[in-house]
Amino acid sequence: MTKVFLFAIVVLLLNACAVHAPQHSHRGPVTGLMAQADQQATDGNHSQAIALLERAVRIEPRNGHAWLRLARLHFVSGDLYKAEQFARRATQFSGADKMLQRECQALLEKIRRQSNKAA
Amino acid sequence: MSKKRRRRAKPKPKPPKKRLWLKVLLMLAVPLLLASVLYVLYLDRVVQSKFEGKRWSVPSRVYARALELYPQQPLTADKLLAELKLVGYQASADGLAPGTYWRKGKQFVLTTRAFQHWDSLEPGRSILLKFDNKQLLSIDDAISIEPLSLIRLEPMLMGIIYPAHRQDRVLVRLKELPPMLTLALQAVEDRQFASHYGVNFRSIARAAWANLRAGKVVQGGSTLTQQLVKNFFLSRERSLTRKINEAIMSLLLELHYEKKDILEAYANEIYLGQDGNRAIHGFGLAAKFYFNKPPQELSIAESVLLVAILRGPTYYDPRRHPQRALARRNKLLDILWRDGLLDKQQAQTAQAASLGVTQKPNLGNGRYPAFIGLVKRQLQQDYRDEDLRSEGLRIFTTLDPVIQQVAEKALTKNIKRLEHRPGLLEGGVVISRLGSAEVSAVVGGRNPRFQGFNRALDIQRPVGSLLKPALYLTALSQPQRYTLASLIDDAPLELKQSDGSVWSPANYDHKNHGKVLLAEALIHSYNQAAVRLGLELGLAEVVESLHSLGIDKPIPPYPAVMLGSLELAPLEIAQMYQTLADDGFYTPLRAVRAVLDAKHRPLSRYSLNTEQRFAAEQAFLINDTLRMALHQGTGQSIGKHLPKSLPLAGKTGTTDDLRDSWFAGFGSDYLGVVWLGNDDNAVTGLTGASGALPVWADIMRQINVSEAPPPPMNIEYVLIDTATGLRAGSRCQQYYELAFISGTAPTEYAPCAGGSVKRSVKSFLDRLKGLFK
């Protein structure tokens, strides 16, 4: 009986950790702005998405994710040169984040292919 | 006979005199009538065209950046308080009314006002903020206690760009005014407003009778319409013609427009005060000017005070003559109660209220003339000066008023300490944010409120060693040929110039240092090594690097350019160092984010742009060396006292005979450039390290808060022996820990670290030779 009780307590505690721990890491202001920007981009409202991402960059100038999103928006709007420059900046801020590095590389590769096609 | 008969047969003629009169009268009356009709038609055109067209030249309003608030933000409670005061928040018992705050230690409750930012509408809300010593811990909605992740305060109104007549107004719609304001206005100024046709003859007669009895003008019989016509269409002279014009135009105005349009025009036209040479017009601006509130928030007492003032804004000035203003306000409150517009309770409460006038905002006099100068410069490509002055634009800038304050104080305080002859030493400062390249502060001189010469933008002075990083960056862009450990020659040299003269640059310490490490040459700013390296690289290459870093003007490819004979403004140096600080990415400096028109519709956006001009690793090598220059080299007098935890880096600039003192550098968040010198170019006796550096350090210490970003992935640090440029060991006497792009560091060990002897002896001999040269 005691064992079951202890087990229940442990489970509850672990649960509490599971619920609260991620909140701090994911509820930053920049994360929120990026989510809003993604929504605006999905709705086709590019200038609003760019405004939100620039606000994010102002708060956290070294946030590679925000720079990468800006690069993607420029890519979608067909400005390949800008897209490439922003993607390079994003790479610069990716640090040890392998996932982000790969995303930057993938975008740069896409830009290269697109430019070759255009040329 | 026949003649006689004929005469008799005709009717008896009227006396010729009488006929003539009639003729003359007719001849005169017809044209007179015609002229009058034409004149009235002309007035009608005047009235209509002006009333239909753009009624007012509305100045542009310039806003600072809006402060963002979010949990874990590096912001102290005191800094927030400084910001709240600048934006115009007032302390209150609970902080729950818009524009007020309540503070207890490290906790705030404040209520923001809804604000239409350039990119979105921020709703007004009450929030609870908790701080610790270093940061903002949390933001909660003060009503629902829900945690919030990001809030934006309304930005400070930092400046106004006026039309030539310097009338200032903020246009309001009638529905934005509190009802009591318009009711009181009519009750006091024009009781029959709702029913008359523009002119109220009964009230003119009554006023005339009162004036006649008193023997002087004691009462005016003008309606609100006439007052509007007088201010809006006519000159200030007092003549019968003007009175007649006024009456005709009032009737015409009433004929064409509705009462509410006339009242709204009146509410925007009326003169309500003076702020230096800025004239305060309209209730919209007056509410802000006297109470620092939007008109919607005015209380009954405040609304009635504005009506009280308009009879004589100088005589009843509530700041200068509070007793007079109070007496008139309370008299008007009595009238409103007597007329049944207020009940007794309301009237008494309002009469008991204080005037509620806030301190005069220091805006009209131009609080940030140097920054406004930069804003105008950025906008002049897209807007005519005339439009900036009259179209009521809303300009959203990047000014950070708190940083501006820090920079102004640092410059003023240090100049007073440093100057030899009081009142002469001048200076200029530019501060910008890394990443976004937004300019945060501009100080144009020792008196930051002075509207004149803007030294941050307009002074052109030789920049001394500030250009050297471009030279070394050019070298490091060839990583196979140069690293920070390359040995370069600091031996003296003589150059024959095109005019036949000989130029022999010397080191600041007048010593020759022989073969030195490339890093060392930058850290100690050796001139001879710099010129030799420049010639080796080719001056055209170095000039190209300077352009890539962001210096736009033509640069003559003379060797003296490497030692900073080029004349530049602090702003241009800021652009160059911004590219270094942003890891080789050129990002144009911006002072304006967006411009909206008077109806909040977007006109221009100045969005973020960036372009890679140098490899990030190469920029990093320079920046890392500039960090060492500050702590161990030319900047060490101040640098060694700076906390090690602050990742600051920078370069001194000193010119011949100590005329100009420069420092340019950056931390983890901001970049700063400081120039000190005399306007007449007299000797200051200051080096870059003794003059500009203390100002720079004073500012940068306070505004850079982030930790140093990690170096790029492919950077490694290696200990390098100073004498040989080879790897050092524990027995080496002098060495530097230098950064290298992976794979480019020397592989050999110096003799002191057990390496080959031959090279080290050669180098030692070189050094010796250098000493005796």
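Computation of the quantities below employed the complete heavy-atom set of this structure, encompassing side-chain atoms and omitting hydrogens, waters and symmetry-equivalent molecules.
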Which bit of B:Arg65 is near chain A, if near means a heavy-atom gap under 4.5 Å: side chain, backbone, both or neither?
-> neither
Go through the atoms of B:Gln73 and report whether side chain, backbone, both or neither lie under 4.5 Å from a heavy atom of chain A.
-> neither
Chain B: which of A:Leu33, A:Val57, A:Ile59 shares the most heavy-atom pairs with it under 4.5 Å?
-> A:Ile59
Find the distance between CD (A:Gln36) and OG (B:Ser120) and round it off to the nearest 0.5 Å.
-> 8.0 Å
May I ask you to decide whether A:Arg55 forms a salt bridge with B:Glu68, counting only side-chain N to carboxylate O separations under 4.0 Å?
-> yes
Any residue meeting salt bridge (charged side-chain N to carboxylate O under 4.0 Å, His left out) with B:Asp140, in chain and number order, not counting sequence neighbours = none
A:Glu54 (side chain) donor-acceptor with B:Leu608 (main chain) under 3.5 angstrom | yes
Does any N or O in the side chain of A:Gln85 come within less than 3.5 Å of the main-chain N or O of B:Gln612, such that one atom is a donor and the other an acceptor?
-> yes
Which heavy atom in [X] sits nearest to a heavy atom in [Y], and how many Å separate them?
X	Y	result
A:Gly95	B:Met713	O-SD, 3.7 Å
B:Arg593	A:Arg58	NH2-CD, 2.9 Å
B:Thr610	A:Trp67	CG2-CZ3, 4.0 Å
B:Gly435	A:Pro61	CA-CB, 4.0 Å
A:Pro29	B:Ser149	CB-O, 3.7 Å

Residues in residues 102-111 of chain A near chain B [non-hydrogen atoms, under 4.5 Å] | none
Members of residues 38-50 of chain A whose heavy atoms come closer than 4.5 Å to chain B = A:Gln48, A:Ile50
Max heavy-atom pair count under 4.5 Å with chain A, selected residue of B:Asn609, B:Leu434, B:Asp669 | B:Asn609
B:Ser545 meets the side chain to side chain donor-acceptor pair (under 3.5 Å) criterion, sequence neighbours left out, with B:Thr474
With a 4.5 angstrom heavy-atom cut-off, could you sort out which part of A:Leu52 is near chain B: side chain, backbone, both or neither?
-> neither
Check each atom of A:Leu53 against the heavy atoms of chain B and say whether the ones under 4.5 Å are side chain, backbone, both or neither.
-> neither
Please say which of A:Arg89, A:Arg88, A:Arg62 ends up in a salt bridge (charged side-chain N to carboxylate O under 4.0 Å, His left out) with B:Asp583.
-> A:Arg89
